[in-house]
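First up is the structure itself, then whatever we jot down about it.
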Amino acid sequence: MLNQLKTLEPKRLYTAFFMLIAVVLIIFFHNPFLLWSVLGIAYVVAFYEAYKLYNKESPKWFFLLFCVLIWISIFFYPSLNGLFVVLVLLASYQAYTKKGKIEQMMPFIYPTIPFILLYFLYLEYTINAIVWLIFIVALTDSFAYFGGKLLGGKLFSNSTFCVTSPNKTKEGVLIGMSCAVIVGTLVGLGVCEFFTSFIFSVCVSIASVFGDLYESYLKRKAEVKDSGNIFPGHGGMLDRLDGYFFGSIILYTLLTTIQR
């Protein structure tokens with residue numbers, strides 16, 4: 001594995017190091033406004049990237065305005081209602097004017113809903129739930145990559161070959177999920193009891209794999225390698241958070257459905 005690490009680009013390692021420091025600081029000094037602010041910045045960037053993937057062009061100013069208004073609304077009134085209103089307005093405008101296309105509304109679903117649920121996850125289940133999610137997704141992705149690179153095997157998906165690393169194999173994904181579930185189950189004890197933590201960790205790990213795959217599919221359709229270039233050596237915001245999007249939806253849904 002040391003030989004594999006040496007082949008990584010220095011800028012990729014530097015970027016990963018600074019991102020890790022940033023995440024640790026955010027978790028350590030966490031409060032609702034700080035997390036809302038950081039997630040808000042990430043959301044606007046991810047929304048911009050997603051719009052370009054769906055539409056192969058940059059969004060007009062009013063799409064970004066709606067994006068910002070949605071995020072402001074959830075700070076004062078934590079609910080999906082603001083998003084629903086925006087979707088109704090956009091759909092009504094398109095139906096009445098016969099202008100626009102469905103793809104223009106897709107960024108208001110992905111990544112908007114995952115970002116909102118990430119924030120709700122923190123508000124309702126504390127920073128412990130966010131840390132739990134980070135461990136599961138990060139370990140699933142990292143060990144799937146290195147496991148596939150070391151052991152080889154069958155590609156997890158053809159779209160993975162076209163857009164992401166060809167080292168993501170079925171064997172690698174199993175290794176990644178195994179490591180993530182073991183550690184994730186222990187970290188999840190800060191939120192729920194052991195058996196629940198184990199089941200939830202399995203579900204979130206699986207979801208994160210397909211979250212990564214979905215973003216790869218979007219890039220394949222858009223014929224681009226990365227969603228953006230905001231992170232040197234790592235691509236865009238969507239490239240870094242894709243697994244967390246599906247993971248956050250599943251974890252929040254499981255917690256709100258079973259824990260209550």
Side-chain angles (χ1 to χ4, degrees), residues 12 15-16 19 23 38-59 63-64 67 83 102-119 121 130 133-149 155-170 172-173 176-177 180 203-253:
R12 182 177 177 86
T15 302
M19 285 193 294
V23 169
V38 172
L39 285 177
I41 294 172
Y43 167 50
V44 173
V45 174
F47 181 95
Y48 181 88
E49 292 178 355
Y51 191 97
K52 292 187 68 175
L53 290 182
Y54 283 117
N55 298 278
K56 298 185 179 181
E57 63 181 14
S58 299
F63 285 107
L64 293 176
C67 163
L83 170 61
I102 294 177
E103 287 80 3
Q104 292 175 322
M105 298 178 64
M106 287 304 296
F108 290 101
I109 298 175
Y110 176 96
T112 300
I113 291 178
F115 266 105
I116 292 176
L117 295 189
L118 271 171
Y119 182 59
L121 196 61
I130 300 297
L133 178 67
I134 290 174
F135 267 95
I136 296 173
V137 177
L139 290 175
T140 299
D141 183 63
S142 298
F143 280 91
Y145 173 82
F146 287 114
K149 199 171 184 64
L155 292 175
F156 183 70
S157 169
N158 287 335
S159 61
T160 301
F161 177 80
C162 292
V163 187
T164 61
S165 170
N167 298 297
K168 287 288 183 68
T169 64
K170 293 179 179 179
V173 167
M177 288 180 54
C203 294
V204 172
S205 182
I206 294 173
S208 72
V209 172
F210 285 94
D212 177 72
L213 197 62
Y214 178 69
E215 200 247 347
S216 295
Y217 165 76
L218 293 182
K219 291 188 292 185
R220 181 181 184 182
K221 295 285 287 185
E223 300 179 333
V224 297
K225 181 179 182 296
D226 297 316
S227 65
N229 55 12
I230 190 172
F231 299 117
H234 288 261
M237 190 67 70
L238 292 178
D239 295 315
R240 290 299 85 211
L241 298 178
D242 49 13
Y244 295 94
F245 291 157
F246 279 25
S248 64
I249 292 174
I250 295 302
L251 183 57
Y252 183 79
T253 301

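Atom set for the values below is all heavy atoms of this structure, side chains included, hydrogens, waters and symmetry mates excluded. Fair warning: this is a prediction, and the values are worked out from it, not measured in the lab.
Within the 3.5 Å criterion, the main-chain N or O of Ser227 finds a donor-acceptor partner in the side chain of Asp239. One N or O on the side chain of Asn55 and one on the backbone of Tyr51 form a donor-acceptor pair closer than 3.5 Å. Side-chain N or O atoms of Ser142 include none that pairs as donor or acceptor with a backbone N or O of Leu139 at under 3.5 Å. Between the side chain of Glu49 and the backbone N or O of Leu238, at least one donor-acceptor pair lies under 3.5 Å.
Annotation: the span from Tyr252 atom OH to Ile113 atom CD1 amounts to 12.0 Å, rounded to 0.5 Å. A distance of 6.5 Å separates CZ in Arg240 from CG in Asp141, rounded to the nearest 0.5 Å. To the nearest 0.5 Å, atoms NZ (Lys225) and OG (Ser216) are separated by 11.0 Å. Of the inter-residue distances, the one linking Ile206 atom CD1 with Ile136 atom CD1 reads 11.0 Å to the nearest 0.5 angstrom.
Note: Tyr54 and Tyr110 have perpendicular aromatic rings, judged against thresholds of 30 and 60 degrees for the angle between ring planes.
For the residue pair Gly247 and Leu133, the shortest heavy atom distance occurs at C-CD1, 3.7 Å. The two residues Glu215 and Leu53 have their closest heavy-atom pair at OE2-CD1, 4.5 Å. Minimum interatomic distance between Ile130 and Leu118 (heavy atoms only, all atoms of both residues): CD1-O, 3.6 Å. Nearest approach of Gly176 to Phe143, heavy atoms of both residues: CA-CB, 3.6 Å. What you find for Ile250 and Ala207 is that their closest heavy atoms are CG1-CB, 3.5 Å. Contact record, Ile249 with Thr253: O-OG1, 2.6 Å, taken as the closest heavy-atom pair.
When side chains are defined from C-beta on, Ile134 counts as touching Tyr244, because their heavy atoms get closer than 4.5 Å. Side-chain contact check for Thr140 versus Val204: every heavy-atom pair is 4.5 Å or farther apart. The shortest side-chain heavy-atom distance between Ile109 and Met106 falls under the 4.5 Å cut-off. Under the 4.5 Å side-chain criterion, counting only non-hydrogen atoms from C-beta, Ser208 is not in contact with Asp212.
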>> Run Cys67 and Val44 through side-chain contact (heavy atoms from CB on, under 4.5 Å) and show every step you take.
In response: CA-CA 7 Å; Cys67 163; Val44 173; 4.1 Å; yes
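Remark: the Ser58 side chain and the Tyr48 side chain contain an N/O donor-acceptor pair separated by less than 3.5 Å.
If you run ring pair (Phe, Tyr, Trp, His ring centres under 6.0 Å) between Phe47 and each of Phe108, Phe115, Phe63, only Phe108 comes through.
At most 12 non-hydrogen atoms from other residues, nucleotides or ligands lie less than 6.0 angstrom from CD of Glu223.
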